[in-house]
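The structure appears below as structure tokens.
Convention: sequence-line order gives letters A, B, ...; per-chain numbering from 1.
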There are 2 protein chains.
Amino acid sequence: MEVASTWQAMRKKLSDEPTLRADARKNRELILSAAEELFLERGADVPLEEVAKRAGVGIGTLYRRFPTREALLAATSNERFLSLAEASRARDPDLAPGDAVRAYLEELARDASTYQSLAASIGTVIQCGTPGCDAITAEGHRLLRRGQEAGTIRRDVTYADFIYVITAISIAIENDSSSKTRIGHLVDLFLNGISVKGSD
Amino acid sequence: MEVASTWQAMRKKLSDEPTLRADARKNRELILSAAEELFLERGADVPLEEVAKRAGVGIGTLYRRFPTREALLAATSNERFLSLAEASRARDPDLAPGDAVRAYLEELARDASTYQSLAASIGTVIQCGTPGCDAITAEGHRLLRRGQEAGTIRRDVTYADFIYVITAISIAIENDSSSKTRIGHLVDLFLNGISVKGSD
DNA sequence: ATAGGATATGGAGGTAGCCTCCACTTGGCA
DNA sequence: TGCCAAGTGGAGGCTACCTCCATATCCTAT
């Protein structure tokens, strides 16, 4: 137990995102590229040892940097999530609240099928706390609130419901690739329901 | 290649559900009870070797009888599925088509959370072709058709959509047990949509 | 009653992936 | 330039899957 005295230690203490040593930072990038490639080629459940091998690092290094598969998935998805959130914010003024939600769900569901076998864990991945995850989550909450304030979205809907729907849709796509062309239909079902409007 | 000549062979040829030898039939039952217990205690992803051990049979015997985990899950769910289908048929005359669908989805979603970790594969399990699976599937198709003929269910809804809904709901329950009390809410969302009726 | 063949059994063993641990190496600051 | 915190790699222990086949058991025809 000593007083933190070096610059390193101070930076770490303040930002709580520790500055990685140069070699470590390079390895982190190598792992990310390898992971991205392999997730695309072979799905989200590719053995992590394969990722380490392609990155040219030891398996221990991979685990040190990304303690869980979800963390690695979230990291490789970081930029995509940031773009999605940004795109949603950008088009927002042009859309009615309901349509904004529709677009958000559709894009996120499509994104969740970027890697095969990602579906079941997308809910966990999206809560990993990376900047991308936080951005996409915040944007979803914003759209939901906006829709409810505008009176076009039911008051009893929660953001968790959004996640369930995205999960369901990407599982559907995974089990039956023909439904990839029906993402819109599935989102529409969730928005408008199975029942004919006005019946009941 | 010889002419089938024994009774066994003839029965097998005709019914295509081969008569099991007495010892094999007993073992099958032992496996089913053990599986049911363990699925309840430890979830649908309990190691199959545990099941074999509790049943007091070798792992090879288990695999010979149930080639996949899904087959075993479907077999242990057989009677529950038969009851669900029967109950749905029984109450049908008393309910409006929409309410019959609601009850069906709610019960099936609840059933899909009988075993922890079953959610993601419920869609596969339900297509295993056991009598229970067939019954529940036929009943679903019937309710869907009836609702569409009555004009209370959208024409573009398919039975696959029912499965997605059930999957989504049971995943929700799995990730967040508090939503167990909200099965009704989730079913309602899918029936009526997240949009406020009449808006749009 | 029994012989013979079809049916069924069990569990050893090969495969695969997960994750930890720690002796060793390296980068960067004083 | 020496030191040590930070970083590394991969062997090894663990768990689970599933196949294979020598052996055991049942059932039937005679």
Check: Just wondering, are more than 12 heavy atoms of other shown residues or ligands nearer than 6.0 Å to CD in B:E41?
Finding: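 Check passes, neighbour count above 12.
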What is the separation between atom [atom1] on [X] and atom [atom2] on [N], rounded to the nearest whole Å?
X     : N      : atom1 : atom2 : answer
B:R65 : C:dG10 : CZ    : P     : 11 Å
A:R28 : D:dT8  : CZ    : P     : 12 Å
A:L30 : D:dT8  : CG    : C1'   : 13 Å
B:L20 : C:dA6  : CG    : C1'   : 14 Å
B:E29 : C:dA8  : CD    : P     : 15 Å
B:F66 : C:dT9  : CZ    : P     : 11 Å
A:L38 : C:dG17 : CG    : C1'   : 15 Å
B:L62 : C:dA8  : CG    : P     : 15 Å

Margin query: Can you tell me if A:T61 touches the phosphate of D:dG9, counting only side-chain N or O atoms and a distance under 4.0 Å to OP1 or OP2?
Written below: yes
Notebook entry, point to check: Do the side-chain N or O atoms of A:N27 get closer than 4.0 angstrom to the phosphate oxygens (OP1, OP2) of D:dT8?
Noted result: yes
Notebook entry, point to check: Less than 4.5 Å apart, any side-chain heavy atom of B:T130 and any of B:D134?
Noted result: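 The answer is no, as the side chains (C-beta and beyond) never meet within the 4.5 Å cut-off.
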Notebook entry, point to check: Any side-chain heavy atom of B:I153 within less than 4.5 Å of one from A:V196?
Noted result: no
Margin query: Quick check: on DNA chain D, is the nucleotide nearest B:E50 upstream (toward 5') of the one nearest A:A24, or the reverse? Name the residue that is more 5'.
Written below: A:A24
Check: Do B:Y104 and B:D92 have side-chain atoms, one donor and one acceptor, less than 3.5 Å apart?
Finding: no
Next item on the list: Please state whether the rings of B:F39 and B:Y115 are parallel, tilted or perpendicular, taking 30° and 60° as the class boundaries.
Entry: tilted
Check: Can you list the steps and then say if A:L118 with A:S170 is a side chain to side chain contact (heavy atoms under 4.5 Å, CB included)?
Finding: CA-CA 8 Å; A:L118 174 56; A:S170 41; over 6 Å; no
Using a cutoff of under 3.5 Å, can you pull out all pairs of nitrogen or oxygen atoms linking the protein to nucleotides 17-21 of chain D, with atom names and distances?
from   : atom 1 : to    : atom 2 : distance (Å)
D:dC17 : OP1    : B:R69 : NH2    : 2.3
D:dC17 : OP2    : B:L48 : N      : 3.1
D:dC18 : OP2    : B:Y63 : OH     : 2.9

Item checked: Pair listing, salt bridge (charged side-chain N to carboxylate O under 4.0 Å, His left out) test, anchored in residues 111-132 of chain A, at least two apart -> A:R80-A:D111
Next item on the list: Record whether the side chain of A:R21 comes under 3.5 Å of the base of D:dA6 through a donor-acceptor pair of N or O atoms.
Entry: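 By the distance-only test, yes, there is a pair.
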